[in-house]
Amino acid sequence: MRLRWLTWDVTDTLIRVRRSVGEQYCSAARSLGLQLEPESVERAFRLAYQSQHRRFPNYGLSQGLSSREWWQDVVRETFSLCGVRGEPALQPLAERLYWGFSGSSNWEVFPDAERALEQCGRLGLRMGVVSNFDQRLEQVLESCGLRRHFSFVVTSESAGAAKPDGRIFLEALRWSGLADPGLAAHVGDDYWNDYRAARQQGMQSYLLQRRGADWGVPPEHRLSSLEELPALLS
């Protein structure tokens, strides 16, 4: 069965953060005269993120939060865990970091991504994005020079559901106009959120394993680099 559509995960599939979150938060904090250790801030960020995600999944949209408020709370809690409390400048710092992660200054494209997208496009495939990301993703992709490859961008914020919830894939299929999900394939780096979740909706899928983790996925569905994908599809 010939594929007609290809959907893509974004974070750690097409792009990655340029520096660790700890380093980037510390860099922003230095503008306030705060001297913190990146490793400590990184640990604090992970704790703050995990706590916020448990309490308010998918940016707390169903609980009345916006993704912007959700992330600003993560920033404030991260610095609070590092002992920074009551600083009047924490709110503008949270705002600065929120917008700082909206463009290519804090994100970089994987070396194999642009060529893979170009080649898949030349195969006649139409492409879209399915990503657990917030409303900034359009701006991120535009800034990184990747938006032109995609007919649509479906985020967990816009869909109201986050992978592995099948509703986000159903929203992508709605955008594609396909009646048969088997005519679409999804590419991503997470076994549960990408490979397995897409297949549960009847799509084909490929698992990117840059670090070589073995999930028992058939060899014809595994990629060690995105450079391998066009040959598999053709």
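A quick note: this is a predicted structure, and the numbers were derived from the prediction, not measured.
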Query raised in the report: Would you say the ring centroid of Y206 lies under 6.0 angstrom from that of W8?
Result: no
Query - hydrophobic_cluster_shared for L81 and L34, side chain cutoff 4.5 Å - result: no
Query raised in the report: Residues two or more places apart in sequence or in another chain: which of them pass side chain to side chain contact (heavy atoms under 4.5 Å, CB included) with E42?
Result: S20, V21, R46
Query raised in the report: Sequence neighbours excluded, which residues qualify as salt bridge (Lys or Arg N to Asp or Glu O under 4.0 Å) partners of R222?
Result: none
Requested in this report: Examine M203 and V217 and state if one hydrophobic cluster contains both, with Ile, Leu, Val, Met, Phe, Trp and Tyr joined whenever side-chain heavy atoms are less than 4.5 Å apart.
Outcome: no
Query raised in the report: Can you list the residues that meet the salt bridge (Lys or Arg N to Asp or Glu O under 4.0 Å) rule with E228, with sequence neighbours excluded?
Result: none
Report summary line: Correct closest heavy-atom pair for W192 and D190 would be N-OD1, 2.9 Å
**Report entry** Q63 side chain near P57 side chain, heavy-atom distance below 4.5 Å
**Finding:** yes
Report summary line: CD of Q119 to CG of L226, rounded to nearest 0.5 Å, is 10.5 Å
Query - With sequence neighbours excluded, residues passing salt bridge (Lys or Arg N to Asp or Glu O under 4.0 Å) with E77 - result: none
Query raised in the report: What heavy-atom pair brings C120 and P230 nearest, and what distance separates the two atoms?
Result: SG-CG, 4.3 Å
Report task. Please identify each residue that fulfils side chain to side chain contact (heavy atoms under 4.5 Å, CB included) with P218, with sequence neighbours left out. Result -> Y195, E220, H221
Query raised in the report: Should the pair D112-R210 be classified as a salt bridge under the 4.0 Å nitrogen-to-oxygen rule?
Result: yes
Query raised in the report: Would L117 and L146 count as a side-chain contact (heavy atoms from CB on, under 4.5 Å) if you check the C-alpha gap in whole Å, the side-chain angles of each, and the deciding distance to 0.1 Å?
Result: CA-CA 9 Å; L117 289 167; L146 299 180; 3.9 Å; yes
Query raised in the report: For R122, which residues count as a salt bridge (Lys or Arg N to Asp or Glu O under 4.0 Å) partner, sequence neighbours excluded?
Result: none
Report task. Specify the closest pair of heavy atoms between G182 and L3, including all atoms of both residues, with the distance to one decimal. Result -> O-CD2, 3.9 Å
Query raised in the report: How far does CZ of F110 sit from CZ of R16, to the nearest 0.5 angstrom?
Result: 4.5 Å
**Report entry** From CG (L32) to CZ (R30), nearest 0.5 Å
**Finding:** 11.5 Å
Query raised in the report: Does S51 use its side chain to pair, donor to acceptor, with the backbone of A48 at less than 3.5 Å?
Result: no
Report task. Tell me whether V153 is reachable from V187 by hopping between hydrophobic residues (I, L, V, M, F, W, Y) whose side-chain heavy atoms are closer than 4.5 Å. Result -> yes
Requested in this report: Report yes or no: does R199 contribute a side-chain atom to a donor-acceptor pair with the main-chain N or O of S205 at less than 3.5 Å?
Outcome: yes
Query raised in the report: Taking it one step at a time, do R76 and Q91 satisfy side-chain hydrogen bond (donor to acceptor under 3.5 Å, both in side chains)?
Result: CA-CA 8 Å; R76 285 191 291 267; Q91 178 56 36; 2.3 Å; yes
Do any side-chain atoms of residues 123-132 form donor-acceptor pairs under 3.5 angstrom with protein atoms, and if so which ones, sequence neighbours left out?
unit_1: R126; atom_1: NH2; unit_2: S151; atom_2: OG; d: 3.4
unit_1: N132; atom_1: OD1; unit_2: K163; atom_2: N; d: 2.8
unit_1: N132; atom_1: ND2; unit_2: K163; atom_2: O; d: 3.0

Query raised in the report: Distance from T11 atom OG1 to I15 atom CD1, nearest 0.5 Å?
Result: 5.0 Å
Report task. List the steps, then state whether side-chain contact (heavy atoms from CB on, under 4.5 Å) holds for V75 with L90. Result -> CA-CA 8 Å; V75 173; L90 275 185; 5.9 Å; no
Requested in this report: Taking all non-hydrogen atoms of both residues into account, name the closest pair between F150 and L14 and its distance.
Outcome: CZ-CD1, 3.8 Å
Query raised in the report: Taking C-beta and beyond as the side chain, do Y98 and S67 meet within less than 4.5 Å on heavy atoms?
Result: yes
Query raised in the report: Stepwise, does the side-chain contact (heavy atoms from CB on, under 4.5 Å) test hold for T155 with Q135?
Result: CA-CA 7 Å; T155 66; Q135 61 185 351; over 6 Å; no
**Report entry** R147 to F152 - nearest heavy-atom pair and separation
**Finding:** NH2-CA, 4.3 Å
Query raised in the report: T13 side chain to V10 main-chain N or O, any donor-acceptor pair under 3.5 Å?
Result: no
Query - Sequence-distant partners of L61, side chain to side chain contact (heavy atoms under 4.5 Å, CB included), two or more places apart - result: N58, Y59, E157
**Report entry** Transitive ILVMFWY side-chain link L137 to V17, under 4.5 Å
**Finding:** yes
Query raised in the report: With sequence neighbours left out, what residues match Q200 under side-chain hydrogen bond (donor to acceptor under 3.5 Å, both in side chains)?
Result: none
Query raised in the report: Is a side-chain donor or acceptor of T78 paired with a backbone partner of V74 at a separation under 3.5 angstrom?
Result: yes
Report task. For the residue pair C144 and E108, establish whether any side-chain heavy-atom pair is separated by less than 4.5 Å. Result -> no
Report task. Mind checking the CZ-CG spacing from R196 to N193? Nearest 0.5 Å is all I need. Result -> 11.0 Å
Report task. Identify, with sequence neighbours excluded, every residue that meets ring pair (Phe, Tyr, Trp, His ring centres under 6.0 Å) alongside Y25. Result -> F45, F79
Query raised in the report: For atom CZ of R148, is the number of surrounding heavy atoms from other residues, nucleotides or ligands below 6.0 Å larger than 12?
Result: yes
Requested in this report: Would you tell me whether D9 and H186 have side-chain atoms, one donor and one acceptor, within less than 3.5 Å of each other?
Outcome: no
Query - hydrophobic_cluster_shared for W99 and L97, side chain cutoff 4.5 Å - result: yes
Query - Minimum heavy-atom distance between Q139 and S102, given as atom pair plus value - result: CG-O, 3.3 Å
Query - Salt bridge present between R115 and E118 (N-O < 4.0 angstrom) - result: no
Query raised in the report: Quick one: OG on S176 to CG on L183, what's the gap to the nearest 0.5 Å?
Result: 9.0 Å
Query - Donor-acceptor pair, side chain of S143 and main chain of V140, under 3.5 angstrom - result: no
Query raised in the report: Are the side chain of D189 and the backbone of L208 linked by a donor-acceptor contact shorter than 3.5 Å?
Result: no
Query - Under the side chain to side chain contact (heavy atoms under 4.5 Å, CB included) test, residues paired with S40 that sit two or more places apart - result: E37, R43
Query raised in the report: Can you list the steps and then say if L223 with L232 is a side-chain contact (heavy atoms from CB on, under 4.5 Å)?
Result: CA-CA 9 Å; L223 305 168; L232 279 176; 3.4 Å; yes
Requested in this report: State whether the side chain of R18 and the backbone N or O of S104 hold a donor-acceptor pair below 3.5 Å, judged by distance alone.
Outcome: yes
Query - Donor-acceptor contact present, side-chain E69 to main-chain S66, <3.5 Å - result: yes
**Report entry** Sequence-distant partners of Q201, side-chain hydrogen bond (donor to acceptor under 3.5 Å, both in side chains), two or more places apart
**Finding:** none
